[in-house]
Amino acid sequence: MLELIDVRKTFNPGTINAKKALQGVNLHLAPGDFVTIIGGNGAGKSTTLNAVAGVWPIDSGTIKIDGKDIAGLPEHKRAKYVGRVFQDPMMGTAATMEIQENLAIAARRGNHRTLKWGISSKEKIKFRELLSILDLGLEDRMTAKVGLLSGGQRQALTLLMATIQQPKLLLLDEHTAALDPKTAAKVLEISDKLIAENNLTAMMVTHNMRDAIAHGNRLIMMHDGKVIFDVSGEEKKKLTVDALVEKFSQTSGEEFSNDRALLSK
Amino acid sequence: MFINYLQSLPAAIAQGMIWGILAIGVYITFRMLDIADLTVDGSICTGAAVCAVMLLSGQPMWLALIAATAAGMLTGLVTGIFHTFMGIPAILAGILTQLILWTVNLKIMGSANRALPATKLNLLVARIDLYRSIFILILFVFFIVALLYAFFGTEFGASIRATGANLNMSRAQGINTNFTKIFGLVLSNGLVALSGALLAQYQGNSDINMGKGAIVIGLAAVIIGEALFGWMSRNNFAIKLFTVVLGGIVYYIVYSTVIYLGLDADYLKMLSALLVALFLAIPYWKKKYFSSAVNAEKRALKAEAKANKKAEKKDKKEVA
């Protein structure tokens, strides 16, 4: 489904600030895989997601979705295959537009945007149904500006927008990191639900090791721009946080250095 | 004397509406796309020049207006390509196009000034027939607002609005934000040039200097409209566009009032710029000094610092 072959990226090459962010990432996702990604500070977790989404071009390597090489496509064209939710709740929605307008824009992802009216009454009924799944009362506020919503509500809406058009791949980039624990749990629950219902292939970066173990069917650990640990199925279910930290120092020869990850053990 | 002032009001209204059309163009770039587009100072004259030359060579009015609008759209395309394809910051891209247009406008007109005598030509708007002019301008404004209201409600129009509201979200949702930005600039400068074509007819000439500071007047109209009539618009886009035109009218009524009161007309450009600067500063100041969220954050930080100090003291005691 998704194939990353020897993907490399260096930021600010040739300068004093040069940073080798990805140093040969190899990853193969089967359809329906839900992978959680953990790793220390600067391990390349978010960078991997951004490489797939096409935020900037990679230096070398191959990125394939369903056998099609997408590494050369600009960000907006990859959006046809990829749904995304960002860490910053402000980033995934347009604050000055209505909830239903945001959804209507997302519903046309991957399609040509024509001079037809931007939102149909049929769609409004569908949006109302979808919003009610979130169980946040948003279905009664469809014409409210998104800027009026809380961070958690915006993140839930972004999730809905990312999945409304059935992406081949869903990228969740620490999408609960900016939320309070209770809201974060709720948003994670919604993520699980949407992924299961739509049978999506998904990648979720998280700093919370327990979340990484509890969600998805596969877990990978990154270090220094490479995948250093890849576990799935029964073996993943048996993982513990301590085993993960242990595994990390074994494979990388370093202490696990993600302040937030350790704090949220 | 006061009668003279009252008699000057219809002229102010007509002029305000013409600049109001320009201000709608400025609204599209400045408010919707969040781009300060300085092409305006050049493209208003491009519209005037094309319209003047075509009318003087005996072309029909409708063709002259369409050609002027199209020429303005082309200027927006140039700025758009500078900004997106060539990666030049929007403000600089506009300034570059403006300078290009200085040459282009001179070449179109063949000289620095072309007169459009209302007595010889059959003009759409003219000082000598103010009430007819105002009536025609009202039709223009309604037509433009209706057209834009419909356009920005479409799938494509919504993608332009989304581009201005959130670039990241737009790209993630598959919108080619370079294309939407260019299109916004094209649309905006088309309106600006149309306004220039009407202005040339109204004032009876097209002049190479007529665009100097046009962007400031456009911004002033947008800002005055929002400040005075914002309460009317709620969230209705069409009414928002009307308030922008009303802002232009208010601007010119104030303009003729201060002139009537004996102010030296040389001061007006400076005062307009200061007015715009002040109104742009107000939302910034509000955010910086009066926002409750910020204050709440400050309070939280102070409380945290206090708690930390206490904890430190406690630690020291325990160590002792």
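Please read all numbers here as calculations on a predicted model, not as lab measurements.
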For a quick test of reading the model, state the closest non-hydrogen atom pair linking [X] to [Y] and the distance between them.
X        : Y        : result
A:Leu115 : B:Thr154 : O-CG2, 3.3 Å
B:Tyr149 : A:Trp117 : O-CH2, 4.2 Å
B:Ala158 : A:Met97  : O-CE, 3.8 Å
B:Ile175 : A:Ile105 : CD1-CG2, 4.0 Å
A:Arg109 : B:Ala172 : CD-O, 3.3 Å

- [ ] Look at B:Glu155 together with A:Lys116 and state whether they make a salt bridge at an N to O cut-off of under 4.0 Å.
- [x] no
Relative to chain B, which segment of [X] carries a heavy atom at a distance below 4.5 Å: side chain, backbone, both, or neither?
X        : value
A:Thr93  : backbone
A:Glu75  : both
A:Ala106 : both
A:Met161 : both

Find the distance between [atom1] ([X]) and [atom2] ([Y]) and round it off to the nearest 0.5 Å.
X        : Y        : atom1 : atom2 : answer
B:Ser170 : A:His76  : OG    : NE2   : 12.0 Å
A:Arg84  : B:Arg171 : CZ    : CZ    : 9.5 Å
B:Arg161 : A:Glu101 : CZ    : CD    : 4.0 Å
B:Met169 : A:Arg154 : CE    : CZ    : 10.0 Å
A:Thr96  : B:Asp34  : OG1   : CG    : 10.0 Å

Open item on the list: Using a 6.0 Å cut-off, check whether atom NZ of A:Lys80 has over 12 heavy atoms from anything other than its own residue.
Closed with: no
Open item on the list: Tell me whether B:Asn168 contacts the main-chain N or O of A:Met91 through its side chain, where contact means a donor paired with an acceptor under 3.5 Å.
Closed with: no
- [ ] Mark yes or no for whether B:Asn166, through its side chain, and A:Met90, through its backbone, hold a donor-acceptor pair below 3.5 Å.
- [x] yes
- [ ] With a 4.5 angstrom heavy-atom cut-off, could you sort out which part of B:Phe151 is near chain A: side chain, backbone, both or neither?
- [x] side chain
